[in-house]
Amino acid sequence: MRKRRRTSARAQPQTENITRLDEWGLTRPQQRLLMILGAVAGVLVAALALTLAISAIGNDYVPERATASVIGTEPRPDTYKGWPSSKVFAPIAQSKADPKPLTVKDLFATRTLKEGRVTLRLAATRLEADCAMATWGQGLADLLVQGGCTQVARGLYVSADGRHVAQYTLFNLRDTASADTLVNTLTTLHRGGWVRPLQAGKAVFPAGGHTESSGHAMGHYAGLVWIGRADGADPGPKDDFVSLSLTVRGVEKAIFRRIVAVSPAPAPSK
């Protein structure tokens with residue numbers, strides 16, 4: 001009896017995963033490959049969540065914000081953490097191996113992102129070929145030119161309760177080295193250069209409000225997460241910025257689909 005219950009418990013999530021992958025339009029060989037990659041990515045995401053949670057618990061330091069003379073009127077995050085690319089993204093290390101241009105439909109077809117208790121709804125999108133137009137700061141503009149940036153996509157989200165805003169930005173760069181350089185350099189560069197926020201009704205980043213961010217290199221792509229409270233206040237006990245960050249990264253499913261598209265199909269099981 002115990003053995004049958006354990007088998008049933010394992011079969012249910014597997015069936016749910018296959019149903020979801022069918023909805024993405026993936027073939028069964030592609031599904032097997034994506035599930036293998038997803039297992040590795042899940043470990044990485046869990047490690048990221050643990051790292052951020054530990055940092056939030058054990059760090060009471062509040063960084064001093066730059067003066068208006070330094071950043072002018074442009075909004076920027078108060079905190080930033082960069083993460084280099086992992087081996088999971090090796091198949092798309094070079095843009096020439098993944099030449100299909102990004103589209104708004106690829107990235108933002110899912111208008112509602114959910115993770116645990118967090119629900120984010122898409123409020124605005126924009127896709128541009130001129131990467132510098134979506135950013136401010138000469139240092140960042142130069143870095144994007146050096147990295148061979150050909151596209152930048154932005155999606156603005158607002159939480160279901162209207163309490164939080166989140167923006168996901170994805171840069172299409174030349175290679176992994178360029179993406180790693182971007183997310184690492186922003187550790188200090190974000191004080192003098194950052195992405196411009198989209199606006200849609202009440203879904204805006206308040207001027208001078210507290211916001212937090214992170215950068216994630218994924219092969220030749222670099223994704224920037226930017227989150228904050230809609231009223232600009234500092235986060236309190238009810239503000240789970242770790243979960244918000246993980247939720248908006250649901251956009252990155254499109255990157256995993258690209259890994260599947262360029263990877264050799266796994267050999268059929270005997």
Side-chain angles (χ1 to χ4, degrees), residues 45 48-68 70-83 107-108 110-126 134-137 140 153-170 183 186-216 223-252:
V45 171
L48 170 61
L50 180 60
T51 300
L52 293 175
I54 292 174
S55 299
I57 293 171
N59 186 5
D60 294 328
Y61 170 69
V62 178
E64 182 178 352
R65 300 178 185 174
T67 62
V70 176
I71 64 172
T73 59
E74 299 289 355
R76 67 155 186 94
D78 292 81
T79 64
Y80 173 86
K81 173 66 178 179
W83 305 85
L107 298 172
F108 306 115
T110 302
R111 301 190 65 83
T112 301
L113 302 176
K114 294 183 178 181
E115 185 70 33
R117 297 181 179 180
V118 177
T119 299
L120 295 174
R121 293 171 179 165
L122 188 64
T125 62
R126 185 172 297 177
T135 65
W136 63 270
L140 178 53
R154 288 174 287 170
L156 178 66
Y157 295 83
V158 60
S159 62
D161 59 5
R163 183 180 179 88
H164 302 101
V165 289
Q167 180 169 296
Y168 191 93
T169 302
L170 187 67
V183 301
L186 279 171
T187 301
T188 54
L189 184 62
H190 76 278
R191 300 185 181 95
W194 190 245
V195 296
R196 298 185 187 276
L198 296 178
Q199 296 186 7
K202 296 181 179 179
V204 296
F205 283 90
H210 177 91
T211 59
E212 300 180 6
S213 63
S214 59
H216 310 269
L224 301 183
V225 172
W226 191 12
I227 54 179
R229 283 181 44 159
D231 60 6
D234 291 349
K238 295 183 179 180
D239 300 301
D240 186 355
F241 276 19
V242 173
S243 293
L244 280 167
S245 178
L246 293 176
T247 303
V248 76
R249 290 189 67 190
V251 175
E252 294 169 3

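- For the atom pair CG of Leu107 and CG of Leu170, the computed distance is 6.0 Å after rounding to the nearest 0.5 Å.
- Between the side chain of Tyr80 and the main chain of Val183, a donor-acceptor pair closer than 3.5 Å is present.
- For Glu212, the side-chain hydrogen bond (donor to acceptor under 3.5 Å, both in side chains) partners are His210, not counting sequence neighbours.
- What you find for Asp240 and Ser243 is that their closest heavy atoms are OD2-OG, 2.5 Å.
- Closest of all the heavy-atom pairs between Gln167 and Leu198 is OE1-N, 2.8 Å.
- Atom-to-atom distance recorded for Ser213:OG and Arg76:CZ is 9.0 Å, nearest 0.5 angstrom.
- In this structure a side-chain-to-backbone donor-acceptor pair under 3.5 Å is missing from Arg196 to Ala134.
- Side-chain contact between Leu224 and Trp194 is present, with heavy atoms from C-beta onward closer than 4.5 Å.
- Rounded to the nearest 0.5 angstrom, Arg191 CZ and Asp78 CG are separated by 10.5 Å.
- Ser214 approaches Trp83 most closely through the heavy-atom pair CB-NE1, 4.4 Å.
- Side-chain contact between His164 and Phe241 is present, with heavy atoms from C-beta onward closer than 4.5 Å.
- A pairwise comparison of heavy atoms in Val225 and Ser245 identifies CG1-OG, 3.8 Å as the closest pair.
- For Ala166 against Ile227, the heavy-atom pair with the smallest separation is CB-CG2, 3.7 Å.
- Phe205 and Trp226 make their closest contact through CZ-O, 3.5 Å (heavy atoms, listed as atom of the first residue, atom of the second, distance).
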Quiz: residues 110-124 side-chain donor-acceptor pairs under 3.5 angstrom, not counting sequence neighbours:
none

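- Summarising the geometry, atom NE2 belonging to His190 is positioned 12.0 Å from atom CG belonging to Leu140; distances are rounded to the nearest 0.5 Å.
- Scored by the side-chain hydrogen bond (donor to acceptor under 3.5 Å, both in side chains) test, Arg229 finds Asp231, Asp239 as partners (sequence neighbours excluded).
- If you take CG on Leu244 and OH on Tyr157, they are separated by 13.0 Å, rounding to the nearest 0.5 Å.
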